Amino acid sequence: MNYEFIIAESAFQPHIALIRLNRPKELNALNLQLMQEIKHALLTFDQDDNVRCIIITGNERAFAAGADIKQMESKTAIDMLKIDQFETWDQIRKTKKPIIAAVSGFCLGGGCELAMTCDMIVASETAKFGQPEIKLAIMPGAGGTQRLSKAVGKALAMEMVLTGKFISAEEAMDAGLINRVVPEELYLDEAIKLANEIAVQSPVAVRLAKESVLKAFDSGLQEGLHFERKNFYMCFASEDQKEGMNAFVEKRKPNFTGK
Ligand code: CAA
């Protein structure tokens, strides 16, 4: 796939696709076209049966330093309304396959929001997370006030959003924002390792389970439990469920096909 601001590989590793943000000079600032390219790549990977897990990454210096300030600087409220840029971002949330953000360096503003919209975050020790929009006299607009609060709780989210302070990978780990912290040279390898642990599972069960965990964030408990139960029953419609249980009984490794 040929894009200008990202590099996308559907077969980066067996069953693992990779999206690399590729505006290194601008610290991977997320301009409108880059976000459209991410949307297109995610839609393509979601339809590709060979892809079971997706990794989004940047480079050692920056995952992404936020939405492109230079592109937004002169916009009016009505311009922003018409552009409706966050509609593109909704695709990330709608992606059915699991997405892992592999983060090193700056992960700020829209960059932090992009990482938080992914399903899991693996970070290098050098990663810095923050929502510094307040310093530009704006505020997070791509889910930052909501997802950060749910991930780290009100106290830290409020402080980060109102002061723009950055937190280290270690602090992000302690606060529950991310899954793993590893030395810088290992963050992509670690994300691949995690992706492989998911890619060997049944794609059908993974899809239904991901949907169910996400449901916990936008429903009450009863509705969520009802949704979970339906998805649990749905697993029994798959050949993978028979294979998984058969393999257990026969004391062998399962081979899941996604059927
Ligand atoms: N948009 C556009 N360009 C950006 C950018 C951004 N978000 N972040 C960095 N850049 C550009 C810089 O302008 C600079 O370009 P030039 O070389 O042409 O001047 C280049 O990337 C390198 O950046 P710095 O020279 O500033 O590097 P630094 O190491 O001194 O500082 C930094 C790094 C602390 C991340 C600093 O660049 C910075 O504060 N960036 C902005 C962070 C920010 O405010 N993000 C929020 C954006 S708004 C948003 O995201 C809204 C939303 O909710 C969707």
Side-chain angles (χ1 to χ4, degrees), residues 3-7 19-39 42 56-95 99 101-118 121 123-152 154 156-172 177-178 184 187 217:
Y3 297 111
E4 189 176 346
F5 296 125
I6 65 170
I7 296 167
I19 296 175
R20 186 184 288 282
L21 312 183
N22 193 29
R23 293 185 79 200
K25 278 200 214 111
E26 295 83 6
L27 305 184
N28 290 330
L30 306 168
N31 65 18
L32 296 175
Q33 185 181 330
L34 187 152
M35 290 311 300
Q36 285 290 346
E37 291 180 0
I38 291 181
K39 175 181 175 176
L42 288 175
I56 301 183
T57 195
N59 55 51
E60 279 65 26
R61 187 163 176 227
F63 176 73
D68 191 326
I69 299 169
K70 291 165 192 166
Q71 201 174 46
M72 288 185 295
E73 187 190 357
S74 61
K75 297 278 184 288
T76 66
I78 302 301
D79 292 335
M80 295 302 277
L81 183 74
K82 282 190 186 153
I83 295 168
D84 196 14
Q85 59 178 324
F86 299 127
E87 189 275 328
T88 318
W89 293 64
D90 291 344
Q91 182 53 44
I92 304 160
R93 166 73 169 75
K94 285 187 205 147
T95 303
I99 311 176
V103 173
S104 179
F106 297 112
C107 185
L108 306 175
C112 189
E113 290 168 307
L114 173 60
M116 289 192 293
T117 312
C118 296
I121 303 175
S124 111
E125 283 165 348
T126 59
K128 290 184 189 66
F129 298 85
Q131 296 290 160
E133 290 90 340
I134 202 77
K135 296 181 178 172
L136 303 166
I138 57 165
M139 56 175 279
T145 62
Q146 305 303 299
R147 291 199 176 95
L148 188 65
S149 306
K150 285 190 200 277
V152 307
K154 179 184 167 190
L156 182 56
M158 196 64 96
E159 190 176 334
M160 288 172 72
V161 169
L162 298 191
T163 69
K165 87 165 197 171
F166 301 166
I167 59 170
S168 66
E170 208 59 56
E171 288 170 295
L177 181 62
I178 64 178
E184 188 179 89
Y187 76 99
F217 292 93

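On a predicted model such as this, the values are computed, not experimentally measured, just so you know. Remember, it's 1-based here, ligands and their atoms both numbered in the order they're listed.
- Protein heavy atom closest to atom 34 (C) of ligand 1, with residue, atom name and distance, is Phe106 CE2, 4.0 Å.
- Under the 4.0 angstrom criterion for non-hydrogen atoms, Gly144 is not in contact with ligand 1.
- Protein non-hydrogen atoms do reach within 4.0 Å of atom 10 (N) of ligand 1.
- With hydrogens and angles disregarded, a donor-acceptor distance shorter than 3.5 Å links the side chain of Thr57 to the backbone of Ala102.
- Within the 4.0 angstrom cut-off, atom 29 (O) of ligand 1 has one or more protein heavy-atom neighbours.
- Distance screen at 4.0 Å: atom 6 (C) of ligand 1 has a protein heavy-atom neighbour inside the cut-off.
- The pair Glu184-Arg61 does not meet the salt-bridge criterion, since no charged nitrogen lies less than 4.0 angstrom from a carboxylate oxygen.
- Taking 4.0 Å as the cut-off, Gln85 does not count as a neighbour of ligand 1 on heavy-atom distance.
- For atom 42 (C) of ligand 1, the candidate residues are Ala29, Gly66, Ala65; the nearest heavy-atom contact is made by Ala65.
- When the salt bridge (charged side-chain N to carboxylate O under 4.0 Å, His left out) test is applied to Glu159, the partners found at least two apart in sequence or on another chain are Lys165.
- When atom types are taken as modelled, the side chain of Gln36 and the backbone of Thr88 share no donor-acceptor pair closer than 3.5 angstrom.
- With a 4.0 Å cut-off on non-hydrogen atoms, Asp68 touches ligand 1 through its backbone as well as its side chain.
- Geometrically, ligand 1 and Pro140 share no nitrogen or oxygen pair separated by less than 3.5 Å.
- Here Leu136 has side-chain heavy atoms under 4.0 Å from ligand 1, and that is the only part of it that gets that close.
- Proximity of atom 25 (O) of ligand 1 to the protein is not indicated, since no non-hydrogen protein atom lies closer than 4.0 angstrom.
- Remark: ligand 1 atoms within the under-4.0 Å shell around heavy atoms of Gly109 are 46 (C), 50 (O).
- On a distance-only criterion, Pro132 and ligand 1 share no N/O pair closer than 3.5 Å.
- Selection from Ile138, Leu108, Ile69 by nearest heavy atom to atom 41 (C) of ligand 1 gives Ile69.
- When the heavy-atom distances from atom 16 (P) of ligand 1 to Lys25, Lys70, Glu26 are ranked, the shortest goes to Lys70.
- Considering both main-chain and side-chain atoms, Trp89 never comes within under 3.5 Å of ligand 1 through any nitrogen or oxygen pair.
- Taking only nitrogen or oxygen atoms, main chain and side chain alike, Met139 does not reach within less than 3.5 Å of ligand 1.
- In summary, Arg23 and Asp68 engage in a salt bridge, as defined by a charged side-chain N under 4.0 Å from a carboxylate O.
- If you look at Gln131 next to ligand 1, there are no close heavy atoms at all, none under 4.0 Å.
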